[in-house]
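Chain letters run A, B, ... following the sequence lines, proteins first, then strands; residues in each count from 1. Basis for what follows: all heavy atoms, side chains included, without hydrogens, waters or symmetry-related copies.
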Protein chains: 2
Amino acid sequence: MATIRKIAEKAKVSIATVSRALNDDPKVTEETKKLILQIANELNYKPNIVARNFAKKTSNIIGLILPDITDEFFSELIKGVDEVTYQHNYFTMVISSHRYLQLENTLSSVLRNGLLGGLILLVPNISISLKNILSQTKIPFVLISGGMSSTNYDVVSVDNYQGAYDMTNYLIKKCGYTKIAHITGPTDNDDAKIRVKAFKDACLENTISIQKNFIVKGDFTRESGLKSGMELMSMKNKPEVIFAANDMMALGCYDAAFKKGLNIPDDIAIVGFDDIFVSQYLNPPLTTVKAQIEDEGKKAAELLIEKIKSKISVNNKPKKIKIATELVIRNSTKNIK
Amino acid sequence: MATIRKIAEKAKVSIATVSRALNDDPKVTEETKKLILQIANELNYKPNIVARNFAKKTSNIIGLILPDITDEFFSELIKGVDEVTYQHNYFTMVISSHRYLQLENTLSSVLRNGLLGGLILLVPNISISLKNILSQTKIPFVLISGGMSSTNYDVVSVDNYQGAYDMTNYLIKKCGYTKIAHITGPTDNDDAKIRVKAFKDACLENTISIQKNFIVKGDFTRESGLKSGMELMSMKNKPEVIFAANDMMALGCYDAAFKKGLNIPDDIAIVGFDDIFVSQYLNPPLTTVKAQIEDEGKKAAELLIEKIKSKISVNNKPKKIKIATELVIRNSTKNIK
DNA sequence: ATGAAAGCGCTAACAT
DNA sequence: ATGTTAGCGCTTTCAT
């Protein structure tokens with residue numbers, strides 16, 4: 001395997017010059033640079049990245065920590081991240097926070113083993129223990145998380161508020177619904193929290209009163225959608241439409257409607273959030289909120305690399321990037337005005 | 001940041017001893033080992049993996065090279081791989097072979113930059129140029145690929161033959177269809193090739209004659225499924241059932257049936273291969289062939305790690321692992337006997 | 001059982 | 001503009 005030493009010998013220069021030439025140092029003559037590059041090419045030289053990272057005490061590997069679940073949009077997210085890291089000559093390392101190990105453990109080992117030059121962290125919320133760990137690390141990171149609240153971190157997030165707000169508004173203003181239920185996500189999930197908030201705000205601003213029992217708890221799974229959907233559909237005075245905090249739960253509501261023998265949208269309308277692949281194929285196709293997840297990955301990676309490259313401006317204000325959402329109107333709702 | 005040197009000082013031993021203790025070398029006294037471990041713990045020492053890999057000229061990072069497309073099962077595959085690499089103290093690095101760069105370029109840089117200790121490679125087929133590159137590398141690898149033909153490589157593959165054979169058999173024997181069409185995948189895709197082969201074999205063995213124009217080319221996309229489906233459904237003497245080589249194309253056939261005003265399965269039956277998430281939600285739910293993709297990832301990773309750890313037995317026969325498939329009977333076919 | 005020292009391939013002062 | 005050299009943190013001979 002060719003090393004800079006071999007190149008140096010062949011070119012009759014020092015390894016330092018070779019290193020400089022390879023790194024395009026302007027202090028090297030064009031002539032020698034050309035020679036060295038040519039020899040490197042002949043020898044089919046590939047720099048040893050491990051040695052380089054080790055010597056520079058940096059790393060061009062970016063970690064992407066994902067929860068230990070399979071989610072449809074992970075591959076989109078990975079793709080987005082990888083696309084921009086790749087363009088900047090970084091590598092992407094996908095790391096699951098495994099069930100046996102809490103996120104905290106995964107993090108604290110990964111943050112200090114020298115492997116990573118930066119970190120993108122997908123978390124349901126920004127907990128105290130997370131803050132503790134993150135406060136100890138020197139490597140740049142950005143969070144992907146639903147809430148971007150008051151933290152000091154750089155975070156990119158789907159614009160949950162706008163998305164849920166628009167949807168609720170659409171339900172009220174365009175469709176004319178007044179009896180609107182909401183199935184929430186997990187209580188510790190920031191995306192979910194913000195979606196309820198926006199839902200409530202939109203109702204209030206349209207002077208739609210929110211029945212307490214029209215807001216029921218879910219956990220983002222299809223099963224919980226089924227369960228909560230059943231609950232809602234069994235009420236004597238049932239809602240006209242159910243806004244599930246994500247599409248998977250909307251799916252569960254479809255199951256519930258089927259069980260109840262209710263027609264969508266005539267007997268009960270259903271909408272979701274996410275626009276997962278299946279949603280367009282449901283019967284009827286699901287009205288939902290779509291976010292560009294690949295874009296979220298890209299934005300996170302861009303922000304991270306910017307942070308890495310400008311270590312100076314570490315005291316910049318934390319950046320909060322929102323990924324725009326868009327309403328996808330299909331046939332699970334109708335105009336009842 | 002604590003290093004072995006600091007630990008050595010505190011423990012009043014040499015760094016060599018610390019290194020040994022940390023690596024559980026039996027030559028170190030239990031006593032000193034205990035002391036060193038305790039100090040390491042106090043200092044919150046984390047080994048620098050980059051330094052270790054560099055010194056040992058090995059790497060505990062396993063590369064997983066994926067094509068530059070988003071596919072639903074990538075995240076399952078990644079999960080499977082990561083689960084076992086993690087258990088063996090390896091990391092998983094996901095690498096897309098980017099569109100600008102051919103797989104060959106991605107590979108040849110990644111194979112020699114020292115970053116990876118092993119490689120899992122997902123490829124549509126095993127081309128000559130791929131063989132050329134792989135023949136030059138010293139790092140252990142395993143392929144995930146449809147065909148496992150005559151190559152000298154370790155490869156894990158979905159059992160395409162059995163899956164497609166079973167499906168065809170089911171169509172003939174259980175349902176009683178005799179006019180069966182097949183939409184193939186891309187011509188250079190080994191999974192696709194084997195599926196056609198199995199389809200033909202099963203027809204022949206059941207003395208079902210195969211009309212030439214009943215085998216039409218597709219490319220695994222929904223659009224091609226629509227196109228080929230239209231073609232098939234427009235024939236004066238159209239097939240009773242279409243076996244699409246994957247679910248995405250079956251989806252396209254659903255679109256075609258809709259356009260043609262044909263009822264599934266009464267006017268035309270449709271089956272697929274893969275069992276992607278959406279298939280169960282189609283109307284009617286799609287009969288298809290399912291493979292455990294997460295398992296495929298696990299198997300690939302296990303095989304790779306086995307290879308890495310037993311560098312000696314490099315001359316072993318290449319292993320060929322098949323991931324079992326299972327028929328998922330839903331309602332896009334019916335008994336016409 | 002432990003220590004001394006070389007070295008992995010590269011970068012980055014510091015000379016010249 | 002180029003060379004010399006130390007050193008990144010660790011493993012691994014080779015001594016002892």
- Query: Is the shortest heavy-atom distance from the side chain of B/Leu116 to the side chain of B/Ile95 under 4.5 Å?
  - Reply: yes
- Item | Boundaries of the chain B footprint along DNA chain C (any atom under 4.0 Å from a heavy atom) | C/dA1 to C/dG9
- Looking across every strand, which nucleic acid part, if any, lies under 4.0 Å from B/Val13 by heavy atom: base, sugar-phosphate, or nothing? sugar-phosphate
- Correct closest heavy-atom pair for A/Tyr45 and A/Ile7 would be CG-CD1, 3.6 Å
Pairs under 3.5 angstrom, nitrogen or oxygen only, protein versus nucleotides 8-11 of chain D, please.
residue	atom	partner	partner atom	Å
D/dG9	OP1	A/Lys57	NZ	3.1
D/dC10	OP1	B/Tyr45	OH	2.4
D/dC10	OP1	B/Asn48	N	3.3
D/dC10	OP2	B/Ile4	N	2.7
D/dT11	OP1	B/Asn23	ND2	3.2
D/dT11	OP1	B/Arg52	NE	2.9
D/dT11	OP2	B/Ser19	OG	2.6
D/dT11	OP2	B/Asn23	ND2	3.4

- Message: Between A/Ser14 and D/dT2, is there a contact of a side-chain N or O with OP1 or OP2 at under 4.0 Å?
- Response: no
- Tell me, with the steps shown, if B/Glu42 and B/Gln38 meet side-chain hydrogen bond (donor to acceptor under 3.5 Å, both in side chains). CA-CA 6 Å; B/Glu42 277 169 17; B/Gln38 190 207 315; 2.8 Å; yes
- Measure the shortest side-chain to side-chain distance between A/Thr85 and A/Leu64 over non-hydrogen atoms and say whether it is less than 4.5 angstrom. no
- Task: Might you confirm whether atom NZ of A/Lys46 has over 12 heavy atoms from other residues, nucleotides or ligands at distances under 6.0 Å?
- Result: yes
- What pair of heavy atoms forms the shortest contact from B/Met93 to A/Thr92, and how long is it? CG-O, 3.1 Å
- Taking the side chain as every heavy atom from C-beta outward, state whether A/Leu22 and A/Pro47 have any atom pair closer than 4.5 Å. no
- Message: To the nearest 10°, give me the bend of the helix from C/dA1-D/dT16 to C/dT16-D/dA1, comparing the axes of its five terminal pairs at either end.
- Response: 40°
- Item | Pair B/Lys193 + B/Asp190: basic N to acidic O under 4.0 Å | yes
- Please test B/Lys33 against B/Asp24 for salt bridge (charged side-chain N to carboxylate O under 4.0 Å, His left out), starting from the C-alpha separation and ending with a verdict. CA-CA 8 Å; B/Lys33 194 178 286 183; B/Asp24 207 26; 3.0 Å; yes
- Query: Tell me: CG of A/Asp25 to P of D/dG3, nearest whole Å?
  - Reply: 13 Å
- With a 4.5 Å heavy-atom cut-off, do B/Leu66 and B/Leu77 have their side chains touching? yes
